[in-house]
Amino acid sequence: MDPPRPAGQPATAAGQSATAAGQSAGGDGRPAAAGPAAAASLDELLRGLAPRVLGAVLRRYGDFDRTEDAVQEALLAAALQWPGEGVPRNPHGWLVTVATRRLTDQWRSEAARRDREANAAALDPATRPAAGTPSAGAPAADAALTGSGPSATGGPDAAAGGAPAGPAGWAGWAVDDTLTLLLLCCHEALSPASQVALTLRAVAGLTTAQIASAFLVPEATMTRRITRAKRSIAEAGARFGPPPDGDYGARMQAALHTLYLIFNEGYTATSGDELHRAELTGEAIRLTRQVHRLLPADGEVAGLLALMLLTEARRPARTTADGALVPLAEQDRSRWDRAQLREGIDLITATLPRALIGPYQLQAAIAAVHAEAARAEDTDWPQIVALYQLLERRAPNPMVTLSQAVAVAEVRGPRAGLELIAPLARDDRIAGHHRLTAVRAHLLELAGDTAAAHAAYQLASQQTTSRPEQRYLRGRAARLVDPQHPQRP
């Protein structure tokens, strides 16, 4: 549960700094002048510190649920105090100290409550224990307070002799707790939705209110989801540290998939008035950068980062001024972010020759082919078809088949694309999904079957909950019966 906040304060922890002044140039605790750049700098500082602080406190005391709440309170306190008082010389130590105090205050309060209950029970003969009966023992919280007994992670002494060894070549394990925390939040006991929510809360440093806002759900709903996730981790006996060697591959795959889901929800929101949610794509890219810095030799991490950069680079051209969706073939490519394109192309170009090729690298390679085409008609579709065939063999998926069908239609004609997607109507994973219906409509339109395409566009517009997509699909349908009809109704 998020800590209570004063009336009128924003609902974010690290995001509180968006209204704040920044760090002083000399780092001597004096506040600097307020301004957008300073506010952004403080926000970035807190976001970066969040997983490190949580890792430090969690490694010492265990109890993921309460520790994470305490760190959120510390981040909130920093966002409220640092703008006026200045950023301390050791911001990480400040946050660890405040979080630890919040944690110990909570434990002392609970210990006092238990003492009161025990004293009351002792006055009742019916509940008084027999003489010589041992007590149930001090709870783990009391042991952590007194320093007697290990924490859930083996206690602070367990880490004192060096960080636990991760997989071979994992140099980043001993340097930063971000990856450790990410893998914990992607434990197999959690559903994908819970993994996403907990990652945004614990690793990205967002509050429940901010996550709920990004996913357009009530804060109470997101609170329950995160609470259940933390409880599931505790019930599964998960610990803060490297996963067992046999679990690393699956856990890492789940972590990358979680980052991928966060990015996709931000790039094409599944519901609501806006097509994009930049706060989610931004967090996904930031977190993937962190993982890439820790695991520079991991080809799939590099591939995922390249894919995100190449996709996000198209965002400025993906909508019109009034928010209408613009498909890839019709985008003004001069509006694409050239810096992101170059970084993404360079990254995937350097990665492919040296790494075992995986699905994210193949998707990034496809995005790079699109990025290198100055005009839509310059696209190397045969190369894209070949890459999708590789991707289909590596990671069979109905969404891959859909995209492959569009590419095949460009090379061999729309009927070939329609043949490719025909079996998907019997695939429960995608049958009834608006993307399948929309691709079928597009291919039918290319094939000249106007009536069937019109009906499919209309059906697809009814199947999606994204209003920008609804408007786009209705506009496509309207243009088929009235060529003079504007694309944006």
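Index from 1, following the sequence.
- Side-chain contact between R342 and D346: present, with at least one pair of heavy atoms (C-beta onward) separated by less than 4.5 Å.
- We find the CG-CG distance between L256 and L307 to be 11.5 Å, quoted to the nearest 0.5 Å.
- Across H454 and A477, no two heavy atoms sit closer than the pair CD2-O, 3.0 Å.
- Looking only at side-chain heavy atoms (C-beta outward), L287 and L182 stay at 4.5 Å or farther from each other.
- Of the N and O atoms on the side chains of H433 and Q463, not one donor lies less than 3.5 Å from an acceptor on the other residue.
- Looking only at distances, no side-chain donor or acceptor of S403 sits under 3.5 Å from a matching main-chain atom of V400.
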Carefully, step by step, assess L58 and L184 under the rule side-chain contact (heavy atoms from CB on, under 4.5 Å).
CA-CA 12 Å; L58 187 58; L184 179 63; 4.1 Å; yes
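- In this structure, OG1 on T281 lies 11.5 Å from CZ on R277, to the nearest 0.5 angstrom.
- Side-chain atoms of S194 and R228 include no donor-acceptor pair closer than 3.5 Å.
- The existence of a salt bridge linking R471 and D322 is excluded, since no basic side-chain nitrogen approaches an acidic carboxylate oxygen closer than 4.0 Å.
- Residue L436 holds its CG atom at 8.5 Å from CE of M399, rounded to the nearest 0.5 Å.
- T221 contributes no side-chain N or O that, together with a main-chain N or O of V217, makes up a donor-acceptor pair within less than 3.5 Å.
- With hydrogens and angles ignored, the 3.5 Å screen pairs no side-chain donor or acceptor of T379 with any backbone N or O of W381.
- Looking at every heavy atom in both residues, A70 comes nearest to A99 through CB-O, 3.5 Å.
- Between H370 and W336, a ring centre-to-centre spacing not shorter than 6.0 Å is recorded.
- Residue E188 places its CD atom among more than 12 non-hydrogen atoms of other residues, nucleotides or ligands, all under 6.0 Å distant.
- Within the 4.5 Å cutoff, the side chain of T67 has no heavy atoms near those of the F240 side chain.
- The main-chain N or O of I226 is never found under 3.5 Å from a side-chain atom of R231 such that the two would form a donor-acceptor pair.
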Test side-chain contact (heavy atoms from CB on, under 4.5 Å) on Y260 and Q363; report intermediate values, then the result.
CA-CA 12 Å; Y260 183 69; Q363 291 179 73; 2.9 Å; yes
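- Nearest heavy atom pair, residue A365 against residue I348, reads N-CG1, 4.0 Å.
- Residues V196 and L200 form a side-chain contact, since some pair of their non-hydrogen atoms from C-beta on lies under 4.5 Å apart.
- In this structure, C185 SG and I233 CD1 are separated by 5.5 Å, a value rounded to the nearest 0.5 Å.
- Going from atom OG1 of T208 over to atom CG of L206 covers 9.5 Å, rounded to the nearest 0.5 Å.
- For Q404 (side chain) and V385 (main-chain N/O), no donor-acceptor pair under 3.5 Å exists by modelled atom type.
- Within the model, atoms CD of Q195 and CD1 of I262 stand 10.0 Å from one another, a figure rounded to the nearest 0.5 Å.
- Taking a cutoff of 4.0 Å between a charged side-chain nitrogen and a carboxylate oxygen, D69 and K230 qualify as a salt bridge.
- In this structure, R479 does not pair ionically with E445, as no charged nitrogen and carboxylate oxygen lie closer than 4.0 Å.
- Both cation-pi conditions hold for R318 and Y267: the charged atom is under 6.0 angstrom from the six-membered ring centre and inside a 45 degree cone around its axis.
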Report the C-alpha separation of T401 and E392 in whole Å, then their side-chain angles, then the decisive distance to 0.1 Å, and conclude whether the side-chain hydrogen bond (donor to acceptor under 3.5 Å, both in side chains) test is met.
CA-CA 7 Å; T401 305; E392 185 76 41; 3.2 Å; yes
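- Between the side chain of H187 and the main chain of A189, a donor-acceptor pair closer than 3.5 Å is present.
- With 3.5 Å as the limit, one finds no donor-acceptor pair spanning the side chains of Y388 and Q383.
- T270 and E265 share a side-chain donor-acceptor pair at under 3.5 Å.
- Here the rule is salt bridge (Lys or Arg N to Asp or Glu O under 4.0 Å) with E330, and of R375, R476, R314 only R476 fits it.
- Side-chain contact check for F263 versus T311: some heavy-atom pair is nearer than 4.5 Å.
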Could you please spell out the steps behind the side-chain contact (heavy atoms from CB on, under 4.5 Å) verdict for T268 and E469?
CA-CA 9 Å; T268 304; E469 288 186 325; 3.5 Å; yes
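- For R333 against A374, the heavy-atom pair with the smallest separation is CD-O, 3.5 Å.
- With sequence neighbours left out, S213 forms a side-chain hydrogen bond (donor to acceptor under 3.5 Å, both in side chains) with no residue at all.
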Decide side-chain hydrogen bond (donor to acceptor under 3.5 Å, both in side chains) for S461 and Q470; before the verdict, give the C-alpha distance in whole Å, the side-chain angles of both, and the deciding distance to 0.1 Å.
CA-CA 5 Å; S461 72; Q470 289 172 354; over 6 Å; no
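- Heavy-atom minimum distance, A441 versus A453: O-CB, 3.6 Å.
- Side-chain N/O atoms of T207 and Q72 include no donor and acceptor closer than 3.5 Å.
- Defined by atom type and a distance below 3.5 Å, a donor-acceptor pair is present between the side-chain atoms of E300 and Q361.
- Ion pairing between a basic and an acidic side chain is recognised when a charged N comes within 4.0 Å of a carboxylate O; E343 and R289 show such pairing.
- Counting only heavy atoms from C-beta outward, the side chains of M252 and V291 approach each other to under 4.5 Å.
- Using a 4.5 Å heavy-atom threshold, the side chains of L347 and T351 count as touching.
- With T320 contributing its side chain and A324 its backbone, the two residues share a donor-acceptor pair below 3.5 Å.
- Remark: D428 CG is loosely packed, at most 12 non-hydrogen atoms of other residues, nucleotides or ligands lying under 6.0 Å away.
- Between V87 and L42, some side-chain heavy-atom pair lies under the 4.5 Å cut-off.
- P327 and Y472 get closest at one heavy-atom pair: CG-OH, 3.6 Å.
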